[in-house]
Amino acid sequence: MATTVFVTIDTEVSMGGAWANPALKPLDMETCVYCRRSGREYGVRAIMEILEDHGLPGVFFVDTAMDALFGRGLFQELCQEILSRGHDVQMHLHPGARQYALLRSRGATRRPASMTDRLPRYEANEQTQMIIEGCDVLKACTGRRPAAFRAGCFALGDSSAAALAQAGIQLDFSANLGCAGSASSHAVRINGPYRLGSVTEFPVTQIIGRSLPGCGYRPLEVNCVSGEEMESALEQLVAGGARVATVVLHSFGLLKNRVGRWEGVRPDRVVHRRLETLCRLLDRRRGDLNTERVCDCAASPGWVEYAASGPDVWPKTTWKDLALRQVGQVVSLI
């Protein structure tokens with residue numbers, strides 16, 4: 001029985017201190033999405049190239065707030081390039097960035113106390129409005145409404161599922177037990193998909209390390225775990241009959257030392273190698289690990305119900321894998 005793997009890339013920008021200092025603006029798409037440094041790119045195009053070298057599709061959760069921040073032309077160009085290369089575009093939303101664009105267009109220079117980047121802290125009708133607005137933006141830019149959603153900061157709330165249902169989105173990828181503040185009271189499974197009313201939740205896959213001191217849940221995020229840990233976790237998922245695995249990366253994930261206005265950013269060789277290790281594994285293990293686009297799976301009759309009825313498999317890390325990760329991170333600083 002094959003395990004479907006989604007390699008998801010949160011595609012977004014940083015506010016870069018814009019609320020704290022009215023003289024600043026959010027960092028642009030060149031910096032955070034395409035990640036151009038010293039004449040080279042380390043962002044979405046570099047990620048797509050690595051995936052394409054192994055014949056794999058990515059699922060790009062694109063923050064629709066960028067449409068409000070930078071204009072329809074730049075945002076549509078990004079979406080169209082991702083689609084033209086055979087990858088998937090789904091909806092991501094950082095409410096804080098959206099609110100920034102909205103309030104600045106009205107002349108505001110200070111951040112209201114009520115403004116937050118966590119979707120569940122908004123009223124239910126405002127959550128619905130934000131999501132519907134984002135769906136409309138993506139339909140205008142891609143020709144189709146999104147099938148799936150991921151909230152900024154992985155902020156999943158009990159009220160958010162109802163908002164997604166009202167907006168017509170049936171799949172959510174926000175739950176991340178390895179991220180503080182992400183868990184919902186409905187989260188009865190760690191890795192297996194589960195139902196939230198009419199919405200199906202696909203959690204970010206977690207590696208369990210509770211048998212090791214100081215280790216709890218750790219997301220299968222390329223910046224957080226080693227290539228060895230990812231490979232071991234995916235092999236355990238296949239052996240346990242898991243039907244879905246979700247891996248996370250960010251558009252700026254191949255860069256490191258992101259501080260301030262990102263003046264000291266440099267390429268992260270370790271994360272680059274991890275992504276290549278992951279892609280080699282997914283390429284080599286086709287048939288057991290099938291990398292897919294969400295749009296294709298969502299359109300396949302019965303697939304969502306099939307995925308949600310599978311076992312909840314908990315891959316575990318080991319002292320060896322933990323030590324290898326720590327060594328790799330130290331080496332990356334040299």
Side-chain angles (χ1 to χ4, degrees), residues 1-8 56-59 61 88 90-91 131 144-151 154-179 182-208 210 216-221 230-248 278 281-282 285-317:
M1 182 183 299
T3 299
T4 296
V5 180
F6 297 120
V7 180
T8 66
L56 305 172
V59 180
F61 280 92
D88 194 6
Q90 299 296 338
M91 183 181 170
I131 295 169
R144 63 191 183 198
R145 299 183 72 79
F149 176 82
R150 175 175 285 156
F154 302 100
L156 172 68
D158 297 344
S159 59
S160 304
L164 288 169
Q166 289 186 52
I169 293 183
Q170 301 299 315
L171 310 179
D172 181 73
F173 284 72
S174 303
N176 184 347
L177 289 177
C179 181
S182 173
S184 164
S185 63
H186 294 297
V188 294
R189 286 155 67 89
I190 293 174
N191 288 326
Y194 54 90
R195 300 288 292 184
L196 295 177
S198 63
V199 175
T200 303
E201 180 64 42
F202 287 79
V204 173
T205 300
Q206 305 294 317
I207 300 175
I208 314 303
R210 287 179 295 181
Y217 300 115
R218 198 168 186 90
L220 206 63
E221 182 168 350
M230 286 189 287
E231 183 165 357
S232 173
L234 290 168
E235 295 288 2
Q236 291 177 64
L237 289 165
V238 170
R243 295 180 179 173
V244 179
T246 300
V247 181
V248 177
L278 171 67
L281 170 68
L282 295 175
R285 291 299 306 275
R286 292 175 193 271
D288 292 322
L289 293 165
N290 292 335
T291 310
E292 304 286 358
R293 303 186 304 177
V294 169
C295 61
D296 296 327
C297 291
S300 178
W303 184 87
V304 173
E305 292 74 14
Y306 166 79
S309 64
D312 190 18
V313 183
W314 302 5
K316 296 177 174 59
T317 192

task: Mind running side-chain contact (heavy atoms from CB on, under 4.5 Å) on Leu281 and Glu235 for me, showing each step along the way?
output: CA-CA 10 Å; Leu281 170 68; Glu235 295 288 2; 3.9 Å; yes
- prompt: Pick from Asp88, Val248, Val244, Val247: which one makes a side-chain contact (heavy atoms from CB on, under 4.5 Å) with Phe6?
  reply: Val244
message: Angle between ring planes, Phe202 versus Phe173, binned at 30° and 60°: parallel, tilted or perpendicular?
response: parallel
query: Do Thr8 and Val204 come close enough that some side-chain heavy atom pair is under 4.5 Å?
result: no
query: Between Leu220 and Ala233, which heavy-atom pair has the shortest distance, and what is it?
result: CD1-CB, 4.0 Å
query: Atom CG in Asn176, atom CZ in Arg218: separation rounded to 0.5 Å?
result: 11.5 Å
query: Given side chains that start at C-beta, do those of Gln90 and Cys295 come closer than 4.5 Å, heavy atoms only?
result: yes
task: Could you check Val238, Asn290, Thr3, Val5 and say which one makes a side-chain contact (heavy atoms from CB on, under 4.5 Å) with Arg285?
output: Val238
message: Is there a side-chain contact between Leu289 and Leu237 in this structure, where contact means two heavy atoms from C-beta onward sitting under 4.5 Å apart?
response: no
query: Under a 4.5 Å cut-off applied to non-hydrogen side-chain atoms, are Tyr217 and Ile208 in contact?
result: yes
- prompt: How about Ile131 and Leu164: do any of their side-chain heavy atoms sit closer than 4.5 Å?
  reply: yes
field: Gap between atom CD of Gln236 and atom CD of Glu231 - 0.5 Å precision
entry: 11.5 Å
- prompt: Looking only at heavy atoms, what is the nearest atom pair of Ile190 and Pro203, with distance?
  reply: O-CB, 3.4 Å
task: State, with a plain yes or no, whether a side-chain heavy atom of Asn191 is found less than 4.5 Å away from one of Thr205.
output: yes
message: Tell me the closest heavy-atom pair linking Ser198 and Ala165, and the distance in Å.
response: OG-CB, 3.3 Å
- prompt: Quick check: does any side chain N or O of Arg293 sit under 3.5 Å from a backbone N or O of Pro57, one acting as donor and the other as acceptor?
  reply: no
- request: Quick one: pull up CD in Gln206 and CG in Asp312 and give me the separation to the nearest 0.5 Å.
  value: 10.5 Å
task: Quick one: closest heavy-atom pair of Leu171 and Ala298, and the distance?
output: CD1-CB, 3.8 Å
message: What I'd like to find out is whether the side chain of Thr291 reaches to under 4.5 Å of the side chain of Arg286, using heavy atoms alone.
response: no
query: Does Arg150 make a cation-pi contact with Phe61 (under 6.0 Å, within 45 degrees of the axis)?
result: yes
task: Determine the minimum heavy-atom distance between Val304 and Arg195, stating which atoms define it.
output: CG1-NH1, 4.4 Å
statement: Here the pair of heavy atoms bringing Leu234 nearest to Ala245 is CD2-CB, 3.9 Å
message: Do Val59 and Thr246 have side chains that approach each other closer than 4.5 Å (heavy atoms only, starting at C-beta)?
response: no
message: Checking the side chain of Ser174 only, and the main-chain atoms of Leu156 only, is there a donor and an acceptor separated by less than 3.5 Å?
response: no
